[in-house]
Amino acid sequence: MRVLDVEDLVREARSKGTVGAYQALSQPLIGRRSNRYAFAREHLGLPDHLTFALEKEIEQSEEEARELGPDCLSSIPFHDLCYGLLLPLDGISPRRSQRLFGMSGPYGERLDSKERRALVAEFLGNDSLGLDLVDKVALVRGDPFLGRNVGTSLNVLLDVLSQVVFRSPTALRDDLGSIGDVQEVFVRHCSRHKSDPPLTTREVLLPLRHLRGSWGAKKKRVLRSLVERMGRLEVFFMIAFLRQGRRVSQTLGDEALLDAIAATHDVDRGRLDLARSLVDVFELARIVRDEGKEGLAQLALKPLSPVGPMLAGPEIPKAPNFPLFFEKKYDGIRLMVHKASNERGAIRVAAYTRRRHDWTGQLPGINGLAWALPCREVILDGELHGTFFSEVGPRPASVYDVMKHVRGEGGVPIKLRFTAFDVIYLDGQDLTERPFHQRRDVLQRLVGPLSGLPLPIPLELSDGELVRARPDMMRLYNLFRAQGYEGGIAKEPNAPYSLGRRSDQWTKLKPAITLDLAVTGALYTTSVQGPGATFGSYLVSALAEGPSLQEVGRVQGLGAQDSARLLSSILDEGLLTGRRLERDTSSGRKAGVELRPGIVATVRFEGVVRDDTGKLSLRDPKILRVRTGEKDLGELDTVKEIERLFQKQRFS
DNA sequence: CCTGATGCGTC
DNA sequence: GTCGGAC
DNA sequence: GTCCGACGACGCATCAGG
């Protein structure tokens, strides 16, 4: 056995360039070392974010059996891209830009939407940047994660910054309190204008693209490696990328992107539109990049290719156009069930959620359901929901029970059911253009006979009927409510099925309960949009024994005007107790202030939910109006009342 | 081993 | 899920 | 009108640290 000479291997590998060297060494040396990052840093001079990106890229290229090019990182410097593209697209005001970066960008002032479109078209058409179409779409959309949800909490960002600038996270949080915007906090603490040597755009895009699923110290190490090499402009936009929800160039939607792709990549605009209804814009870019026109031409609605379901519009209008099909609204998980058969009769089944995630594996019973359908191929749209069995008899389960049952592999005494309410594809035919009533007929013939069969997940047709006037509709609505369901959906009989879109041809009718609650605190907004509102949400409390106040939930803030008015009355009436408070939210811990009672909010909500610990909260709460100057606690609704509502909805 | 923090998914 | 705001 | 980010709820998986 020959002993490997590390030095020799490294010397030989380095002659192959950065990527080649890592590839050459990843198997014999780096893969075996516990600290690959330290090894790559010492011997190859690779910063951590590149080691991370290359490791992931190599993994992926092996899976997809494709070559990893030696120049997969060489591309336009990220700084130049920020300056030439992201800054003009972002619509940041010239004054702010001057203050943050000491410059106002290449155009001096804000671009209007026409100019932004032109810029995007020019960018997509420029093939000397070392960026492919997927990269470009990701940049224009400000989403390096390609449409997947990747969040980074505020605390993680501040931790990373604290490692780079040697300032405590607490001090940084205080800075954030006075500056108001995370991106700006990073910019202020960044000493350089420009990275040196410059980071390339791919060098930033690739680590971010693979960041999904990375957690804790690993994620922080990658981010730190990037942040400490960035100048102000670069760090500003990377932080924008990382903030979940916050995207640059938000004003330029898919439409503009499709226009630009059509113009620069010689594909038909109408074809792109059609494609867009079947896949998201990132997948579309990948298809154009890898398969070109032919790939686009092959795109069609077909089983086993997930598509976004049609979504209902907001609320039913006061005077809807009758007749309408009024259908029970089930509280569960929206699911598209796909069935496909090949020539030899082998059947494949899949189930996809509203955001096109594959839930087939989590729902073994879905196979039996699909097999029972008397057709070769089909795509059914419906709701996975459940029935809860308790001492007082069966009642519809809430979506939380359903999730617990599905994810926790039972443990909850509910029986899952799948209720189909639409069919969009049947045996080679795309039915999306057909009017709803025709699809309903098809569905009835297909699913009706299977109702009541003992399938692993029972299949049934949604409950509903054609109503000709409001009293008919309300009679049905009250019946559905009495049975414990959420309400109803009104569907226009002639509506086609709009894939992946929200349509007002389907509207909801749901209950609205209101309570008067005390506003006992406010959390600062994390918004970075202009002046906006100071507070992003409010803590509300109900009257409890004592009398005392018990917090019963948070309610999203008001519009800019109402919010400003509320803030001034808080100050006028001296409602600030001076105590600060913090609450955990899905986007990290948020800071806020405690308020003395004095503001009463009328809160509308759809029901009461109870978590594992027995705590009751309001579901989908919204502030209808606020009254100030209320000193009398007796006017408030009580915790008892909320408990009563919870019991009532359970046993109705 | 338990608990809290974080991320990601559903509504 | 809802809502408000920018376009 | 349409789009999308800022917000609400819970539950589960995973990891860090006492």
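Letters A, B, ... are given to chains in the order of the sequence lines, protein chains preceding strands, and every chain is numbered from 1.
A:Ser537 has no side-chain polar atom (N or O) that falls below the 4.0 Å cut-off from OP1 or OP2 of D:dA6. Dashed line: the shortest gap from a side-chain N or O of A:Arg355 to OP1 or OP2 of B:dC11 is under 4.0 Å. At least one side-chain nitrogen or oxygen of A:Lys219 sits closer than 4.0 Å to the OP1 or OP2 atom of B:dG7. A:Arg407 has no side-chain polar atom (N or O) that falls below the 4.0 Å cut-off from OP1 or OP2 of B:dC11. Using a 4.0 Å cut-off, some side-chain N or O of A:Arg604 falls inside it from OP1 or OP2 of C:dC3.
Closest to the side chain of A:Arg554, out of D:dA9, C:dG4, B:dG9, is D:dA9. Between B:dG9, D:dG11, C:dC3, one nucleotide has an atom nearer to the side chain of A:Lys404 than all others, and that is D:dG11. When the nucleotides B:dT10, D:dC4, C:dT2 are ranked by their closest atom to the side chain of A:Arg141, D:dC4 comes out on top. Distance from the side chain of A:Val399 is smallest to B:dC11 among C:dT2, B:dC11, D:dC10. With distances taken from any side-chain atom of A:Lys329 to the nucleotides C:dC7, C:dG1, C:dC3, the minimum falls on C:dG1. Taking only side-chain atoms of A:Trp359, from C-beta outward, the nucleotide of B:dC11, B:dT6, B:dT10 with the closest atom is B:dT10. Comparing C:dT2, B:dG7, B:dC11 by their closest approach to the side chain of A:Thr152 singles out B:dG7.
We find that A:Asp259 and A:Arg269 are joined by a salt bridge, their nearest charged nitrogen and carboxylate oxygen being less than 4.0 Å apart.
Contact annotation for A:Lys114: no contact, since no heavy-atom pair falls under 4.0 Å across all strands. Residue contacts for A:Lys510: at a heavy-atom cut-off of 4.0 Å it reaches the sugar-phosphate backbone alone, with no base atom in range. Among the protein residues, A:Thr353 comes within range of the sugar-phosphate backbone only, with heavy atoms under 4.0 Å from sugar or phosphate atoms but none that close to a base. A:Val156 comes within 4.0 angstrom of the backbone, heavy atoms only, and of no base.
What separates CG of A:Leu211 from P of B:dG7 is a distance of 10 Å, to the nearest Å. Protein atom CZ of A:Arg117 is 10 Å distant from nucleotide atom C1' of C:dC7, rounded to whole Å. Distance CD1 (A:Ile414) to C1' (B:dT10): 13 Å, rounded to an integer number of Å. Taking atom CZ on A:Arg502 and atom P on D:dG1, their separation rounds to 16 Å, with Å as the unit. Distance CD1 (A:Ile489) to P (C:dG1): 8 Å, rounded to an integer number of Å. Computed from coordinates, the A:Gln556 CD to C:dG4 P distance equals 8 Å when rounded to whole Å. What separates CZ of A:Arg148 from P of B:dG7 is a distance of 16 Å, to the nearest Å. Rounded to whole Å, atom P of B:dC8 lies 19 Å from atom CG of A:Asp358.
A donor-acceptor distance shorter than 3.5 angstrom exists from the side chain of A:Lys136 to the backbone of A:Leu124, with no hydrogens or angles considered. Under a 3.5 Å cut-off, the side chain of A:Ser498 and the backbone N or O of A:Arg501 do not form any donor-acceptor pair.
Each of A:Arg501 and A:Arg619 was assigned the nucleotide of DNA chain D with the nearest heavy atom; the assignment lying further toward the 5' end belongs to A:Arg501.
Note: A:Tyr485 and A:His385 have perpendicular aromatic rings, judged against thresholds of 30 and 60 degrees for the angle between ring planes.
Evaluation of atom-type donor-acceptor distances gives no pair under 3.5 Å for the side chain of A:Trp215 against the base of D:dT14.
The cationic group of A:Arg221 lies under 6.0 Å from the six-membered ring centre of A:Tyr37 and within 45° of the ring axis, placing it in a cation-pi geometry. For the pair A:Arg395 and A:Phe388, the cation sits on the ring face: its NZ or CZ lies under 6.0 Å from the ring centre, inside 45° of the axis.
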